[in-house]
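Values reported hereafter were calculated over all heavy atoms of this structure, with side chains retained and with hydrogens, waters and symmetry mates removed. This chain uses plain numbering: 1 for the first residue, then up along the sequence. Every number for a ligand or one of its atoms is a count from 1 in the order of the listing.
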Amino acid sequence: MILVTGATGNVGGKVLARLRQSGHKVRALTRDPARAGFAPDLDVVAADLGRPETLQGVLDGVDKVFLMALGHNKSTHDANLVAAATKAGVRHIVQLSTLGVQEADEANETPLGRWHRLAEEALQRSGLGWTILRPNGFMTHALGWAGSVRAEGVVRGPAANLAEANIDPQDIADVAVRALTTDGHEGAVHALTGGEALTTPQQVEILGSVLGRELRFEQISLEEHREILAARFSPETADGVVKALKEAIESGDEFRGRTFDGVRQVLGRPPRTFRQWAEDNRGFFV
Ligand SMILES: NC(=O)c1ccc[n+]([C@@H]2O[C@H](COP(=O)([O-])OP(=O)(O)OC[C@H]3O[C@@H](n4cnc5c(N)ncnc54)[C@H](OP(=O)(O)O)[C@@H]3O)[C@@H](O)[C@H]2O)c1
């Protein structure tokens, strides 16, 4: 049995769907099963990774876990699940981390990098089998533009010149499923990026060509960007993301634009492109 955390989310939702499609026995974790709206035949558990007492019994009969947690809670939430999994006799955890962990050493890492590094270390110390997935930024950030694209044909962003090799979360989910269901991934760290580095204006141009509309890019300040993020995430997470972005912009960071071969190595196919992502998600922008 495989437990999927973040089962209502971007990556976890896709992991869950793929595992179900291929006939694996799965259990989905959510804080609120009623809101999640899962299929009635799915094994669902209500639990909060921030409240270890709710994890009791959640891992009974589970031998593998897909583990994700959000923002500044990442290290404590992952450690809670890892502790419960160790007690329950889980064999293998596939952990969603971030490429930011390999970007910097401890002395100059960003809060985002630190939260994820601590989470990785807790898993690596546990004695359980582990696989770590380190993705670059997600292409789904572009969903945050949907409202202004629909209303005004405008995308607002703080970093006109920063090129990022963003990844389609579907690729991350496909790699996670492979690591959960096939041998050879124990002790592996998979660095996952898209196949090309694009600036925001370049993404906007591709999105416009998919939509058959001319779109405009408008630069905003980092503070304005922080306000937008804080409406979607916790203030600590918004601060962490903006701090990392500020450093990347100021240092002319080329790391975010570097491509890594993890998707091809694990899946034997190239990563999905931003154009493919935009075509699949066209409906959000019209
Ligand atoms: N976005 C990026 O560019 C990026 C880049 C690199 C790495 N990452 C990693 O990917 C993660 C985001 O993944 P995602 O986009 O799939 O997330 P997401 O779509 O925002 O999903 C959030 C999930 O977290 C669950 N959740 C939130 N708080 C919880 C809690 N206290 N206990 C249990 N579950 C909780 C939610 O479940 P319920 O609401 O159903 O309980 C939901 O399923 C980041 O945290 C980071 O580690 C992201």
Side-chain angles (χ1 to χ4, degrees), residues 3-18 27-38 42 44-55 58-59 65-81 84 94-103 110-120 122-123 132-144 157 159 162 164-176 189-194 200 203 229 232-234 236-238 240-242 244-245 248 255-256 260 262 274 277:
L3 176 77
V4 179
T5 67
T8 59
N10 222 347
V11 181
K14 293 177 173 60
V15 171
L16 182 71
R18 280 275 197 267
R27 178 177 291 162
L29 184 150
T30 171
R31 287 166 298 174
D32 186 351
R35 184 170 46 94
F38 288 127
L42 181 66
V44 181
V45 284
D48 186 327
L49 296 178
R51 295 169 50 217
E53 69 280 10
T54 66
L55 294 173
V58 159
L59 291 147
V65 175
F66 171 73
L67 176 57
M68 68 79 60
L70 284 183
H72 71 291
N73 291 316
K74 176 75 183 164
S75 56
T76 49
H77 286 194
D78 276 25
N80 289 340
L81 193 285
V94 175
Q95 181 185 50
L96 182 61
S97 181
T98 180
L99 196 60
V101 174
Q102 66 198 61
E103 180 180 3
T110 64
L112 271 182
R114 186 172 65 255
W115 301 330
H116 286 82
R117 178 176 55 77
L118 293 173
E120 288 188 5
L123 176 57
I132 291 171
L133 311 183
R134 288 183 179 164
N136 209 5
F138 294 2
M139 288 180 183
T140 31
H141 289 176
L143 290 176
L162 189 68
E164 300 182 85
N166 286 347
I167 182 160
D168 186 336
Q170 185 63 61
D171 284 339
I172 307 170
D174 288 349
V175 170
V189 176
H190 296 305
L192 306 172
T193 68
T200 307
Q203 292 173 59
L229 292 177
R232 290 177 58 202
F233 306 105
S234 68
E236 294 90 338
T237 301
V241 171
V242 168
L245 195 55
F255 186 82
R256 288 172 185 234
F260 288 83
F274 184 71
W277 179 88

Between N10 and ligand 1, does any nitrogen or oxygen pair lie at a separation below 3.5 Å?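 Yes, there is a polar N/O contact under 3.5 Å.
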
If I apply the N/O under 3.5 Å rule, does G9 come out as touching ligand 1?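 The answer is yes, given that G9 and ligand 1 share an N or O pair closer than 3.5 Å.
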
Give the atoms of ligand 1, by number and element, whose distance to some non-hydrogen atom of [X] is under 4.0 Å.
X    : value
T30  : 38 (P), 40 (O), 41 (O)
T8   : 36 (C), 37 (O), 38 (P), 39 (O), 40 (O), 42 (C), 43 (O)
P135 : 6 (C), 7 (C)
V11  : 16 (O)
A69  : 44 (C), 45 (O), 47 (O)
G71  : 45 (O)
G6   : 23 (C), 43 (O)

Could you state the interatomic distance from [atom1] ([X]) to [atom2] ([Y]), rounded to the nearest 0.5 Å?
X   : Y   : atom1 : atom2 : answer
M68 : N10 : CE    : CG    : 8.5 Å
R51 : H77 : CZ    : NE2   : 10.5 Å
L49 : L67 : CG    : CG    : 7.0 Å

Please compare R31, K14, H77, H116 and report which has the shortest non-hydrogen distance to atom 39 (O) of ligand 1.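 Result: the heavy atom closest to atom 39 (O) of ligand 1 is in R31.
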
Evaluating non-hydrogen atoms only, which member of V241, L70, I167 is closest to atom 20 (O) of ligand 1?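 When every heavy atom of V241, L70, I167 is considered, L70 comes closest to atom 20 (O) of ligand 1.
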
Check T193, T98, I172, L192 against N136 for a side chain to side chain contact (heavy atoms under 4.5 Å, CB included) and give me the one that passes.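 Of the listed residues T193, T98, I172, L192, the side chain to side chain contact (heavy atoms under 4.5 Å, CB included) partner of N136 is T193.
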
Please list the nearest protein heavy atom to [atom] with its residue and the distance rounded to 0.1 Å.
atom                    : result
atom 13 (O) of ligand 1 : M68 CE, 3.4 Å
atom 8 (N) of ligand 1  : F138 CZ, 3.5 Å
atom 32 (N) of ligand 1 : L49 N, 2.9 Å
atom 10 (O) of ligand 1 : L96 CD2, 3.2 Å
atom 3 (O) of ligand 1  : H141 NE2, 2.7 Å

Closer than 4.0 angstrom: is that true for some heavy atom of [X] and an atom of ligand 1?
X    : answer
D48  : yes
S97  : yes
R134 : no
A36  : no
N73  : no

With a 4.0 Å heavy-atom cut-off (strictly under), which part of N136 contacts ligand 1: side chain, backbone, both or neither?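 The part of N136 near ligand 1 is the backbone, not the side chain.
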
Distance-only side-chain donor-acceptor flag, T54 / D48, under 3.5 Å: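 T54 vs D48: no donor-acceptor pair found between side chains.
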
Is there a donor-acceptor pair under 3.5 Å between the side chain of [X] and the backbone N or O of [Y]?
X    : Y    : result
R27  : V58  : yes
S97  : I132 : no
T200 : G157 : no
H141 : G137 : no

Among Q95, E120, H190, exactly one meets side chain to side chain donor-acceptor pair (under 3.5 Å) together with R134. Which residue is that?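 Answer after filtering Q95, E120, H190: E120.
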
If I compare all heavy atoms of T8 with all of A36, which pair ends up nearest, and what's the gap?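 Reported closest heavy-atom pair: CG2-CB, 3.5 Å.
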
Determine the interplanar angle of the W115 and H72 rings, folded into 0 to 90°, and report it as parallel if under 30°, tilted if 30 to 60°, perpendicular if over 60°.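 Geometry flag for H72 against W115: perpendicular rings.
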
Report the residues that fulfil side chain to side chain contact (heavy atoms under 4.5 Å, CB included) with N80, sequence neighbours left out, ordered by chain and then residue number.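 Testing N80 for side chain to side chain contact (heavy atoms under 4.5 Å, CB included), a comparison that skips the adjacent residues, returns P52, L55.
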
